[in-house]
Amino acid sequence: MRIKTFKLEEFFAKYEFNVEYLLCSSDCESFSVKELLELESGALEELNKLRLGYTESLGHPILRKEISKLYEDIEKENVIVFSGAEEGIFVYMNVLLKKEDHIIVQFPAYQSLFEIANAIGCEVTKWEMTDENDWELDLEFLESNIRKNTKCIVINFPHNPTGYLISKEKYKMIFEIAQQNDIYIFSDEVYRFLEYDQNDRLPPMCDLYNKGISLGVMSKSYGLAGLRIGWIASKDHSLLEQIASFKNYTTICNSALSEFFAILALKNSGIILNRNLKIVKKNLNLLDSFFKKYQNLFQWVKPKAGSIAFPRIVGKRSIDNFCMDLLKSKGVLLMPSSNYEYGDKHFRIGFGRKNMLEALLKLEEFVVEKF
Ligand SMILES: Cc1ncc(COP(=O)(O)O)c(C=O)c1O
């Protein structure tokens with residue numbers, strides 16, 4: 001398989017570990033091993049007993065059980081655990097798609113959600129969102145672009161990079177359109193549980209639809225990206241079997257240590273998610289004030305969920321130049337929209353980290369000095 005470079009990940013590989021202020025990370029504040037072990041008495045003793053052999057390919061049964069509890073109508077048999085959400089996307093796309101298939105992908109998007117299909121040779125229709133339209137998705141576009149060979153609709157709510165969260169009514173309509181046409185829905189739900197108003201939380205697609213696949217991960221809302229634990233949940237047993245079989249060619253099984261900590265974190269998810277949502281909401285208010293103050297320079301659609309947003313720089317300025325100048329003069333990293341193949345005006349800003357205010361103040365210094 002020949003696949004294009006993953007622009008966003010290459011950008012991170014270049015800068016993430018050598019800049020002073022990361023202001024575009026999508027994951028929430030992380031936890032130390034000590035903090036996790038303190039969540040449960042006896043956890044350290046359990047960890048000391050853990051043997052580091054191969055693990056069960058589909059994931060530790062207790063982990064699969066804990067994951068299944070995140071859904072209404074899903075048993076542990078409906079869950080396969082991977083090394084990150086990324087492996088789940090890769091395996092799913094490879095199992096489901098063949099050369100002549102067509103997919104429709106919400107856009108802008110995390111690149112692997114469409115690039116793997118491109119590499120397989122599929123036809124890819126980008127279902128584009130714009131900030132002029134508050135990032136709202138146009139369902140008529142979806143309906144009118146379905147073809148005989150459309151195999152899958154790829155969606156992502158809460159959305160990377162815009163923070164857009166579709167209404168429950170429209171979400172249901174996507175499912176109805178897919179069902180009428182017998183098309184799979186791959187629903188990337190990795191930012192689930194970061195809805196600012198819990199009433200806005202969408203039902204997982206795997207609960208709603210037999211051909212619906214929900215993708216989850218420990219990286220984002222739980223802030224545990226270093227565990228590299230993600231999963232797929234679905235009621236489609238035959239597809240799950242093929243996915244399980246393909247996994248023997250990627251990672252075979254997951255890290256025993258990571259599974260241990262993922263179980264611990266999921267059993268105590270209330271504490272973890274509350275802490276992270278609190279950080280996100282506090283930072284969001286700071287950002288909202290910032291963007292109101294500098295509305296001559298930036299426009300933004302305030303997100304409804306998640307830890308990232310996708311504001312626009314106004315006027316003729318190039319966002320690539322803006323981001324590079326900012327990085328050189330203040331050591332602050334923003335993600336220009338060129339890494340999403342989405343023009344030259346937007347940038348991703350991340351607000352899941354505790355030190356966001358420090359980075360924002362540096363951005364403000366830059367804006368005041370330069371503009
Ligand atoms: C929408 C989306 N899906 C999947 C992933 C991959 O997650 P992970 O890095 O945990 O594998 C990301 C990571 O940024 C993402 O934003």
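Start at 1 and go down the list; that is how both ligands and their atoms are numbered. Computed from heavy atoms alone, side chains included, the values below leave out hydrogens, waters and symmetry copies.
- Interface atoms of ligand 1 facing Gly84, defined by a heavy-atom separation under 4.0 Å, are 11 (O).
- For a threshold of 3.5 Å applied to N or O pairs, the pair formed by Asn156 and ligand 1 contains no separation below that value.
- Here atom 13 (C) of ligand 1 lies nearest to Lys220 when heavy atoms of Met218, Lys220, Arg228 are compared.
- Residues satisfying the salt bridge (charged side-chain N to carboxylate O under 4.0 Å, His left out) criterion with Lys49, sequence neighbours excluded, are Glu46.
- In this structure, the ring of Phe82 has its center no less than 6.0 angstrom from the ring center of Tyr92.
- Distances below 4.0 Å separate heavy atoms of Ser219 from the following atoms of ligand 1: 8 (P), 10 (O).
- Taking the salt bridge (charged side-chain N to carboxylate O under 4.0 Å, His left out) definition, one finds that Glu86 meets it with nothing, sequence neighbours left out.
- Separation of the Phe371 and Phe322 ring centroids falls under the 6.0 Å cut-off.
- Taking every heavy atom of Tyr191 and a limit of under 4.0 angstrom, the matching atoms of ligand 1 come to 1 (C), 14 (O), 15 (C), 16 (O).
- A cation-pi arrangement is not found for Lys330 relative to Tyr21, the charged atom failing to lie both closer than 6.0 Å to the ring centre and inside a 45° cone about the ring normal.
- Aromatic pair Phe291/Trp300: ring centres closer than 6.0 Å.
- Taking each of Glu87, Glu189, Glu9, Glu86 in turn, the one with a heavy atom nearest to atom 11 (O) of ligand 1 proves to be Glu86.
- Nearest non-hydrogen protein atom to atom 5 (C) of ligand 1 is Tyr110 CE2, 3.4 Å.
- Heavy-atom distances between Ala225 and ligand 1 stay at or above 4.0 Å for every pair.
- A cation-pi arrangement is present between Arg275 and Phe31, with the terminal nitrogen or guanidinium carbon under 6.0 Å from the aromatic centre and inside a 45° cone about the axis.
- Here Ala85 has heavy atoms under 4.0 Å from ligand 1 in both its backbone and its side chain.
- The closest protein non-hydrogen atom to atom 3 (N) of ligand 1 is Asp188 OD2, 2.5 Å.
- Between the Ser245 side chain and the Glu241 main chain, no donor and acceptor come within less than 3.5 Å of each other.
- In the vicinity of Val217, heavy-atom distances shorter than 4.0 Å reach the ligand 1 atoms 10 (O).
- Counting atoms of ligand 1 from 1 in the listed order, those under 4.0 Å from a heavy atom of Ser26 are 14 (O).
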